[in-house]
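In listed order, ligands and their atoms are each counted from 1. No experiment lies behind these values; they were computed from the predicted model shown.
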Amino acid sequence: MGEGFYISGAVAVVCVVAAFGAAVTIIALSVAYAQEKSKSPLSSAGPETTIPHTTPSGPQQPWHYYRLPDSLLPDYYNMTLWPRLKPDSDDLYIFTGNSSVVFTCVRETDLILIHSSYLNFTTFDGFHARLKGLDGAPAPRVKMTWLEDPTQYLVVQLQSPLQAGSQYELLTEFVGELFNDLRGFYRSEYTEDGVKKVVATTQMQPTDARTAFPCFDEPAMKAVFYITLIHPQGTVALSNTMNYEPVNVTVNGEVLIQTSFEPTEIMSTYLVAFAVCDFGYNETKMDANVLIRVWARRKAIEEGQGKYALEKAGPILAFFERYYNSSYTLSKSDQIAFPDFGAEAMENWGLVTYREAALLYNPEVSSDEDKYRVVGTISHELAHMWFGNLVTMRWWNNLWLNEGFATYFSYLGADYAEPQWNMKDLIVLNEIIGAMAVDALGSSWPLSTKEEHIVRPEDINGQFNIITYSKGAAVLRMLSGLVTETVFSKALHMYLEEFKYQNTVYTDLWKHLQMAVDKAGISLPHSVEDIMNRWILQMGFPLVTINTQTGKITQQHFLLDSESVVSRPSEFNYEWFIPITWIKTGGAEQQHWLLSKEDTNTDMALGASAWLLANINMKGFYRVNYDAENWERLLAKLSSNHQDIPVINRVQIIDDAFNLARAKMVCTTLALRTTTFLHKEVEYLPWKAASRNLLNFFYLLDRSEVIGPMKAYVKKLVTPLFKYFKDQTLNWTKVPERPTDRQNRANAIYLACKTGVVGCRELTTGWFREWMKNPATNNISPNLKSIVYCSAIAAGGVAEWDFVWGMYKNATVISEASKFRRALSCTKQPWLLNRYLQYCLDPEKIELRDGISVIIDIAANPIGLYLAWDFIRANWEHLTHEYGLYVFGSIIDRLCTRFSTEFDYKQLLQFKQDIEKEMDPEDAYFEYTLERIKANIDWMALNKKLVLDWLINETSKLSI
Ligand SMILES: *[C@@H]1O[C@H](CO)[C@@H](O)[C@H](O)[C@H]1NC(C)=O
Ligand SMILES: *[C@@H]1O[C@H](CO)[C@@H](O)[C@H](O)[C@H]1NC(C)=O
Ligand SMILES: *[C@@H]1O[C@H](CO)[C@@H](O)[C@H](O)[C@H]1NC(C)=O
Ligand SMILES: *[C@@H]1O[C@H](CO)[C@@H](O)[C@H](O)[C@H]1NC(C)=O
Ligand SMILES: [Zn+2]
């Protein structure tokens, strides 16, 4: 505990340790952090390694290194690919292709290394490839060719060297398989009107372009791509650019279509995309010259589900053009939704691919949140047209230059498209708080790492993590606030201009920001580079502590668990240059730069009744602690006039206090006290922040005697909010105007029903019963559906359950189906939960891809927890066979959020020993999970009684 803490004697006695980091971590790690990638559920192993090459002994040859040598640079590719949408006689879905790459030799070499994986090559004179010299350059003769694993190269050794300055062409012919693995060039299957359909599409990022055609598969190896696809009658072929008129070709007597595309921009291999499908589309124009189309299953288009995306995509694209003062250079922008897509979406230049739920919207069944997801995802992907596509990070270690920007701008783009929604505020809840939860762990990692640490495809995949996305966005938001948005956008314009069609490192960005800052005459205490490097090159973030008695300010590296070992050294000794914005009673916003470990600002020393609040609107990526007196005054202010504190700071006070309590720096009761003002609060953001933190308590306490008083407390807090919305909506007959009110109405009903507020259950079950009576007309407000279904199923029996099950099986809108699926796990009947678990073993009932979420949802139900746990143990072999150990770790992980007793701990330990043989020795999940359960047990031991006493006392006091 650092200096500047003043806990009065009485408080200190009951002040306890909160070993609660566990629960927050899970929440944070399970946040849908990655817009493009959501595969790795846990990055606890850290995103980097230091393995430069593969063979353990013997001399290292160039093909043993994962990075390409710098001797050859690609100019353009020319390829023709023919995917088969029907299985061949071996029951394989294949594609055949030929491809040539024209490259320039920049350093004499007798070796060509080009990435290739999962491709079988036709041989010419015994070699995998042919080489031609261009412009009269003679081509050396090939000596030897082979495929090298695990570095994934096609190796071509030559008898004599290629000449520096000359151009050559390497030609290959190959066959590959269209797996349904959501990677590379793959197939995806779905059923429409009872007919099974197959589409072929791509997901190249980060390292799977090499599975579709041989290529120099690194982001800095930019080139132009000439693409031709051959496909069956009745299908359409799409790629990054506009197609030329398709022609018929006859192959082995079959008449097929051949579609060629205009050459692409100069771009990275991971942005190549193509698709063959029979989808429908809607189209419009942006600014008369860019064609915007939305593609999806025919039925979805006919139902108008693409309409919303079509309306918003053009304006968002135009907004970014203006913001960056840089035009979108292609003649079209296609958005296409696939029923089966691994990531949320992918920003392929000109052909952006999405999951259906991230692009399609149906006003009758989709909620506001479904809509945010659509507009947020479109914004994110379209921001990539500049940050990522036009200017690309040189290597994956600086992926945040793509993803941090896209994440930050997704909120600005969405705010432009839907100004009513307060999207710019939502970034605090959705990104910043989540990033802080992970970045407060001793095992966190910096935003930008060394290039040589990110080498293998697995390392590269690991870069798609919450730090890259959310902390990247948070740091950019802080920077934009520091230099003002006008200067920020000018700097970005210059950066994009200088580096278009090229690659960058972060110092290129600092350079342009510095120039813009100098030009605008903004004074900063250090250079942009010196300030910002501390935020991106060291992990973690500071806790700022302000003593309002003396005006003393200190900083320290904030760790949720003060005992966690920080093994990663930092060249900056975990100190930051911190822009502290603050206000005190009635005053205007001021700024103080904290440039050392401690400092004093006498203006921050307060008189007897004043309060001080720092980090206004949570623009800075840090947390704040105060002396006990100031906490008391802030709490008093919240109780008397909470509106005097900006709404984002109401979020901040709650979230900082709960996290400080977890870090044992303030009492758990202080954290709880930051929620008592909620009985007067009607704004969405503070309610959401508080319910997240309180739900963590529910998770741990809901099988203990504390749950009764806990529910009573939350019930008292939420009752006025429930009444407020009842009045505002004229007894629930009207929909609130403001979108955040609509969200908070849902929040109110959720918490009210959970804690038994009078009238809540009657309300939800009433709506549900009406719908059951007349299944064809569902009048439940889309925003309330999840809550109403869940609440009605919890209150009901088998009839309600079977009714929703029927709806689930017939749902045609993905987001609607997932609401039904989740609601089914809300029942309180153990036999229904068990039956539902059994359904997970039958892919006819629950599709494979949804099985894991069903089990997790059931485990989140207090009654389902142990049922799910028994189920997993009983069916371990089957489940690991279907889902693999990797995905499986995430179930154990989620399940154990709630384990908090010695008995739970022993059970998991026993299970671990039982299955030790089958476990991947690298798998750290169990260790990690066991550690977290220990932390939960400790937390319970220290806090249970304290929380119980506080709740009982507080509930009796709170008048409503
Ligand atoms: C690409 O290859 C096709 C034939 O395979 C050829 O007709 C076309 O001219 C080539 N395009 C370029 C730009 O080399
Ligand atoms: C490629 O070759 C391997 C080994 O012979 C074979 O198992 C695989 O099926 C082939 N793939 C295709 C698409 O032909
Ligand atoms: C291509 O072939 C299909 C089927 O044989 C035919 O319907 C179509 O008119 C042909 N198109 C062209 C441009 O020749
Ligand atoms: C979208 O396309 C469908 C099918 O072609 C058509 O019926 C519908 O009117 C189109 N909607 C819009 C908004 O263009
Ligand atoms: Zn992205």
Side-chain angles (χ1 to χ4, degrees), residues 32-38 81-84 87-97 116-123 128 147 149 154 173-181 184-187 200 203-206 211-213 219 230-236 243-251 253-259 268 270-271 320 342-349 352-355 358 376-389 392-393 396 398-411 413 431 463-470 472-473 476:
Y33 63 82
Q35 297 282 343
E36 279 84 32
K37 284 275 159 181
S38 44
L81 299 174
W82 177 15
R84 312 296 203 279
D88 65 10
S89 52
D90 297 326
D91 221 21
L92 298 182
Y93 289 80
I94 62 158
F95 65 94
T96 51
S116 170
S117 179
Y118 290 104
L119 295 175
N120 293 349
F121 288 85
T122 310
T123 50
H128 292 80
L147 296 166
D149 251 348
L154 164 59
E173 241 181 69
F174 45 86
V175 48
E177 192 170 341
L178 292 172
F179 295 103
N180 58 352
D181 62 352
F185 195 12
Y186 71 91
R187 76 174 194 278
Q203 167 62 38
M204 304 306 197
Q205 197 188 32
T211 66
F213 59 100
I230 295 174
H231 52 107
Q233 297 291 339
T235 63
V236 58
N243 59 287
Y244 298 113
E245 191 59 39
V247 295
N248 281 342
V249 290
T250 308
V251 188
E254 192 184 354
V255 182
L256 297 159
I257 308 173
Q258 176 175 311
T259 304
S268 307
Y270 77 84
L271 292 170
F320 288 136
E344 183 79 350
M346 175 62 211
E347 70 264 22
N348 316 295
W349 212 348
V352 186
T353 45
Y354 297 81
R355 271 176 192 240
T377 312
I378 294 176
S379 280
H380 178 109
E381 303 312 328
L382 295 183
H384 272 312
M385 301 301 120
W386 288 266
F387 290 93
N389 300 8
T392 313
M393 76 272 146
W396 301 105
N398 273 316
L399 182 61
W400 77 279
L401 287 175
N402 276 14
E403 299 304 347
F405 271 108
T407 305
Y408 176 62
F409 281 115
S410 69
Y411 289 87
E431 314 291 339
Q463 289 299 97
F464 292 82
N465 59 55
I466 184 168
I467 294 291
T468 302
Y469 282 74
S470 302
L476 290 169

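Partners of Trp396 according to the ring-ring contact (aromatic ring centres under 6.0 Å, His included) rule, which considers only residues two or more places apart in sequence or in another chain, are Tyr270.
Side-chain contact between Ile257 and Ile230 is absent, with no heavy atoms from C-beta onward closer than 4.5 Å.
Angle subtended at the Zn ion (ligand 5) by His380 NE2 and His384 NE2: 100°, rounded to 10 degrees.
Checking side-chain atoms of Ser268 against main-chain N and O of Pro219 turns up a donor-acceptor pair under 3.5 Å. Side chain of Asn389 to main chain of Leu271: no donor-acceptor pair is present (N/O by atom type, distance under 3.5 Å, no hydrogens or angles). With hydrogens and angles disregarded, a donor-acceptor distance shorter than 3.5 Å links the side chain of Gln203 to the backbone of Gln205.
Interatomic distance, CZ of Phe174 versus OG of Ser116, reported as 8.0 Å (0.5 Å rounding).
Of all atoms in ligand 2, numbered sequentially from 1 with element shown, those under 4.0 Å from a heavy atom of Asn120 are 1 (C), 2 (O), 3 (C), 8 (C), 10 (C), 11 (N), 12 (C), 14 (O).
The 4.0 Å heavy-atom shell around ligand 3 contains residues Gln233, Asn248, Val255, ordered by chain and number.
Checking Asn248 against Gln233 by side-chain atom types alone, a donor-acceptor pair falls below 3.5 Å.
Counting just the N/O/S atoms of Glu403, the one with the shortest distance to the Zn ion (ligand 5) is named OE1.
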